[in-house]
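Each residue takes its place number in the sequence, starting with 1.
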Amino acid sequence: MKNGPLNGLRVIELVGIGPCPFAAMMLADMGADVIRIDRKPDLKTASSAPNPYPTLGTKYDVMARGRRSLALDLKHPRARQLLLDLVTKADALVEGFRPGVMERLGLGPDLCMERNPRLVYGRVTGWGQTGPLAPAAGHDLNYVALSGMLHAMGDADRPPSPPLNLVGDFGGGGMMLAFGVVCAMLEARISGRGQVVDAAMTDGAALLGAMMYGLRAHGAWSAARGANFIDGGAPFYATYACADGKFIAVGAIEPQFYARLLALTGASDPAFARQWDQHDWPALKERFAALFATRTRDAWCALLEGTDVCFAPVLDMDEAPHHPHNAARKTFVDVDGVTQPAPAPRFSRTPGQAGTVAAPGQDGTAILADWGWTDNAIATLRRDNIV
């Protein structure tokens, strides 16, 4: 039984990949009744091409957790009509298709909001719904590149490093969509009117860079990669290899934390005292690299972890769930045998919950019954192969 802060809200998710399911996962984690509209399998047109996303439709599709699934063939007029009937009972709809796809299906925001004027219609794309690039294909890396943020990531002597797809798809896309949809649903409770939420990953990635743009305008941020205090250029904010080939992360920016770092590591050379002399940074990084290479990662953890040095071991995905801090906070949970991140943030009275992953279409009857369809109406839809 869900009891999160969004309990009682109904959301329709048009299943896609990347940011939209991430946003829908966040909403479901927080208690919303999110219904996934999966594609009804069409064996005649099934492709034999390799699947680049092998977890989809399985219990390993973590971003599909916590939602029930209704499978529809939206090319069928009666299936589209059924979706529009569901829209009349929903608080929000979220979709992540290229601009114009939903309109061509006859399920665009104008038609949906005509059926339900209070509906929040959330849309997430890479380039946004408008602008010269809006119709073009792209992926996370392209959107982050356009925002100005990709150029700032990576080593100075190498091309910019792809930041997984955390900045565009999930931070700049999915989270922005979830935030926008919740904002619009709150506003709709006051005004009685829905609206379209246009979440573009280029916009979101740029917004994530607000601090850096402020520093740049102030003259405190260099356009050169690897030349700034939090981009790996500074010796006190960097990762270092240890004697065992594992890594540690040091973030001792403030003077008192840096002083503690020097004291605990025994870095007594006077050169280390020139923390903010950027001309000395390359040489100091080499000195720190030599110092941290003298002990194993575990040895440095024993000395530095939990102090005000601003220190952490660099854990891989197998290690992270077992770290004592993550274990104490239950940062990771096990759902159906799959270790995965727990819902975040935390709520003191209405905690979120990570649900299981539904197989495509497995909940059609239950969904329609819960949303007001009679047994006879459901039987007719099933007999006609609509659901």
Side-chain angles (χ1 to χ4, degrees), residues 10-25 27-28 33-59 61 63-116 119 121-125 135 137 356-387:
R10 287 177 164 180
V11 180
I12 296 170
E13 171 198 2
L14 275 295
V15 170
I17 59 173
C20 189
F22 187 82
M25 179 194 74
L27 299 174
D33 181 13
V34 182
I35 302 304
R36 285 169 64 84
I37 306 299
D38 276 294
R39 293 176 180 86
K40 202 165 187 294
D42 185 349
L43 299 179
K44 295 180 181 178
T45 60
S47 173
S48 60
N51 177 13
Y53 308 106
T55 63
L56 297 182
T58 73
K59 69 177 184 178
D61 187 5
M63 292 195 304
R65 72 188 185 195
R67 283 101 85 192
R68 295 183 294 173
S69 171
L70 170 65
L72 298 175
D73 178 4
L74 293 178
K75 296 178 182 177
H76 194 294
R78 287 182 61 192
R80 292 196 298 272
Q81 183 58 50
L82 176 59
L83 181 57
L84 288 172
D85 290 340
L86 287 166
V87 159
T88 65
K89 302 172 183 293
D91 296 289
L93 178 150
V94 294
E95 60 95 359
F97 302 125
R98 289 168 73 168
V101 170
M102 291 293 283
E103 283 83 354
R104 288 193 292 275
L105 284 171
L107 297 168
D110 290 346
L111 187 56
C112 287
M113 294 169 73
E114 181 180 308
R115 297 291 299 272
N116 180 0
L119 182 75
Y121 197 105
R123 322 189 78 171
V124 59
T125 57
T356 57
V357 178
Q362 77 171 44
D363 306 300
T365 297
I367 290 168
L368 294 174
D370 288 349
W371 284 44
W373 271 256
T374 66
D375 291 344
N376 287 338
I378 295 170
T380 299
L381 291 168
R382 287 207 170 278
R383 182 196 66 205
D384 295 343
N385 203 32
I386 303 303
V387 298

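With sequence neighbours left out, the salt bridge (Lys or Arg N to Asp or Glu O under 4.0 Å) criterion links Arg98 to no other residue. Listed by chain and number, the residues in a side-chain contact (heavy atoms from CB on, under 4.5 Å) with Asp363 are Arg68, Ser69, Ala358, Ile367 (sequence neighbours excluded). With sequence neighbours left out, the side-chain contact (heavy atoms from CB on, under 4.5 Å) criterion links Asp85 to Gln81, Arg115, Trp373. Residues that satisfy the side-chain contact (heavy atoms from CB on, under 4.5 Å) test with Ala92, not counting sequence neighbours, are Val11, Val120, Val181, Met185. The side-chain contact (heavy atoms from CB on, under 4.5 Å) search around Thr365 returns Ile378, Arg382, not counting sequence neighbours. Under the ring pair (Phe, Tyr, Trp, His ring centres under 6.0 Å) criterion, Phe97 pairs with no residue, sequence neighbours left out.
In this structure, Arg67 contributes its side chain and Pro21 its backbone to a donor-acceptor pair below 3.5 Å. Judged purely by atom type and a 3.5 angstrom limit, Asn116 uses its side chain to pair as donor or acceptor with the backbone of Ala90. Counting only distance, with no hydrogens or angles, the side chain of Asp91 and the backbone of Arg10 share a donor-acceptor pair below 3.5 Å. Checking side-chain atoms of Arg80 against main-chain N and O of Leu74 turns up a donor-acceptor pair under 3.5 Å.
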I would like to know whether Arg65 and Val357 meet side-chain contact (heavy atoms from CB on, under 4.5 Å); could you show each step before the answer?
CA-CA 4 Å; Arg65 72 188 185 195; Val357 178; 4.2 Å; yes
Tell me, with the steps shown, if Val34 and Val94 meet side-chain contact (heavy atoms from CB on, under 4.5 Å).
CA-CA 10 Å; Val34 182; Val94 294; 5.8 Å; no
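Shown here for Met102 and Leu93, the closest heavy-atom pair between the two residues is CE-CD2, 4.4 Å.
The closest side-chain heavy-atom distance from Pro109 to Glu103 is below 4.5 Å. Pro99 is listed as a side-chain neighbour of Thr125, based on a closest heavy-atom distance under 4.5 Å.
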